[in-house]
Protein chains: 2
Amino acid sequence: MPKPAKPSAKREAILDAAQRAFLEEGYAATSMDGVATGASVSKATIYAHFESKEQLFAAVMHRGCDSSFALVPPDESADARTALTVTAQRLMALLMAPKALALYRVVVAEASRSPDLARTYYENGPVRGKAAITAVIALLQRRGELAPAADAGTITDQLIGMLRAETFQRALLGLPDGRSLEDTIAAMVETLVQRFGGTAPR
Amino acid sequence: MPKPAKPSAKREAILDAAQRAFLEEGYAATSMDGVATGASVSKATIYAHFESKEQLFAAVMHRGCDSSFALVPPDESADARTALTVTAQRLMALLMAPKALALYRVVVAEASRSPDLARTYYENGPVRGKAAITAVIALLQRRGELAPAADAGTITDQLIGMLRAETFQRALLGLPDGRSLEDTIAAMVETLVQRFGGTAPR
DNA sequence: GTCTATAGAAAGATAGAC
DNA sequence: GTCTATCTTTCTATAGAC
């Protein structure tokens, strides 16, 4: 009966070691022996808690997708440029965290073999992140700082897209930084403000 | 002496089967037995041509990165909106091809263990693609259809970023399409034209 | 639940005949 | 170069004692 998700010291150690291994090596290259050693536990103990390697992977990854993407909204009084800049900085801090990058790599790699995982990741990561940013954009629109020329969701997609263009992709591939993150953010803010700026200085 | 890259029927069959396997299963989950079967060849024959699984992987993937990303430029006479739209459509056709997606997944997954591969991919894919699009942007700037407010490289990054935002990410994760590609392209074109449009109608 | 020990299958790589 | 057969290691998973 390896079902109950009761917290237990060994169980947590197994999950932690497994997460480290799966994120670093990927699913196929991770061995149960390695996880056992990493958790200072015998292999049999792992199988007392999890039915199979596949289920251990699912448990670990779904847990990783939940531990969440809290995007703190900018101060209400901030003007458009400030709000967009702060939002961008916080989003990039989330996306560029080593663990977030590793999680993304594994989810993408296993997407075809673990569709549930891909969906869970998407709903908890990108979808939540987009919702948080859309709220910021919508607020700026209501205040007349951004024109309602396009709906908030579209603007948000463009914002996120422009941010992930260079820096994120290079990080994902393990390549050294190209242009600076600050420059990318500033260019993005400028484009959105010039495009959708309402009453703001022109 | 498994070095000479002499073309040979069996050698090509091995490379083809290996490519199929690596792109579908990933590096670790691909077995040499599977490749041998897929190529209708014995395992020993593979080792007569390639020193190890790792070298076979490198050969296959580098070949895949070369077989290239030719981005045909739009007609010289096209105006900004048309040129940007056509360029976007052609770029997305390249990025969304199933093989291109599979290649990207594997390169990302193995980036930390195969830095050379990541670099090769980046130079042959994203870098070439960006160069091609930057040339288009620069031409539009010289013709006065786009303002030189930002350098062509920055505009190109924003263009690519906005395109890859939603559709590409969902495809990468194997999720069904969200908003339509046409809408994404149209919104991107509008943003860039409104932001950088020079003498064009405003 | 937790361990040691091991079963049983599959992996990467090679020997040797042709 | 190409094959069959095999070596050796490593893997997932389990049996059985405690």
Side-chain angles (χ1 to χ4, degrees), chain A residues 1-63 106 109-110 113-114 117, chain B residues 1-63 106 109-110 112-114 116-117:
Chain A
M1 233 182 273
K3 269 303 172 81
K6 280 290 185 62
S8 128
K10 301 246 175 192
R11 191 189 170 87
E12 292 304 310
I14 293 168
L15 285 169
D16 290 346
Q19 175 164 65
R20 218 173 8 244
F22 284 133
L23 291 189
E24 273 173 23
E25 320 275 355
Y27 175 77
T30 293
S31 79
M32 298 297 263
D33 285 276
V35 174
T37 302
S40 304
V41 146
S42 87
K43 222 181 346 179
T45 300
I46 299 181
Y47 282 96
H49 288 271
F50 303 93
E51 281 182 3
S52 65
K53 180 184 178 181
E54 212 167 324
Q55 289 216 0
L56 174 60
F57 178 71
V60 162
M61 298 300 282
H62 280 80
R63 191 187 67 153
V106 176
E110 301 301 325
R113 285 167 291 278
S114 303
L117 173 62
Chain B
M1 234 184 276
K3 269 305 174 81
K6 279 290 183 61
S8 126
K10 301 247 174 193
R11 191 188 169 89
E12 293 304 310
I14 293 168
L15 284 170
D16 290 346
Q19 174 163 66
R20 216 170 16 239
F22 284 133
L23 291 190
E24 273 174 22
E25 320 274 356
Y27 175 76
T30 293
S31 77
M32 297 297 265
D33 284 276
V35 174
T37 302
S40 303
V41 146
S42 86
K43 220 175 358 172
T45 301
I46 300 181
Y47 284 96
H49 287 272
F50 303 93
E51 282 183 1
S52 64
K53 181 185 178 182
E54 213 167 325
Q55 289 217 358
L56 173 60
F57 178 70
V60 163
M61 297 299 283
H62 280 80
R63 189 188 66 153
V106 177
E110 301 301 324
S112 53
R113 284 167 292 277
S114 303
D116 285 5
L117 172 62

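Below, read A as the first sequence line, B as the second, and so on, with proteins coming before strands; counting in each chain starts at 1.
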Backbone N/O of A/A39 and side chain of A/K10: donor-acceptor pair under 3.5 Å: no

Point-to-point distance, once rounded to the nearest 0.5 Å, from CD of A/E110 to CZ of A/F57: 5.0 Å

Gap between atoms CD and C1', on A/E12 and C/dG1 respectively (whole Å): 16 Å

Between C/dG1 (P) and A/I46 (CD1): distance, integer Å: 14 Å

Annotated protein contacts, base or backbone, on nucleotides 3-18 of chain D with a non-hydrogen cut-off under 4.0 Å, one of B, S, - each: BB------SBBBB---

Intermediate values then yes/no, salt bridge (charged side-chain N to carboxylate O under 4.0 Å, His left out), B/E12 and B/R63: CA-CA 11 Å; B/E12 293 304 310; B/R63 189 188 66 153; 3.7 Å; yes

Closest non-hydrogen atom pair between B/A21 and B/V35, with its separation: CB-CG2, 4.2 Å

Cation over ring face, A/K53 and A/F22, 6.0 Å, 45°: no

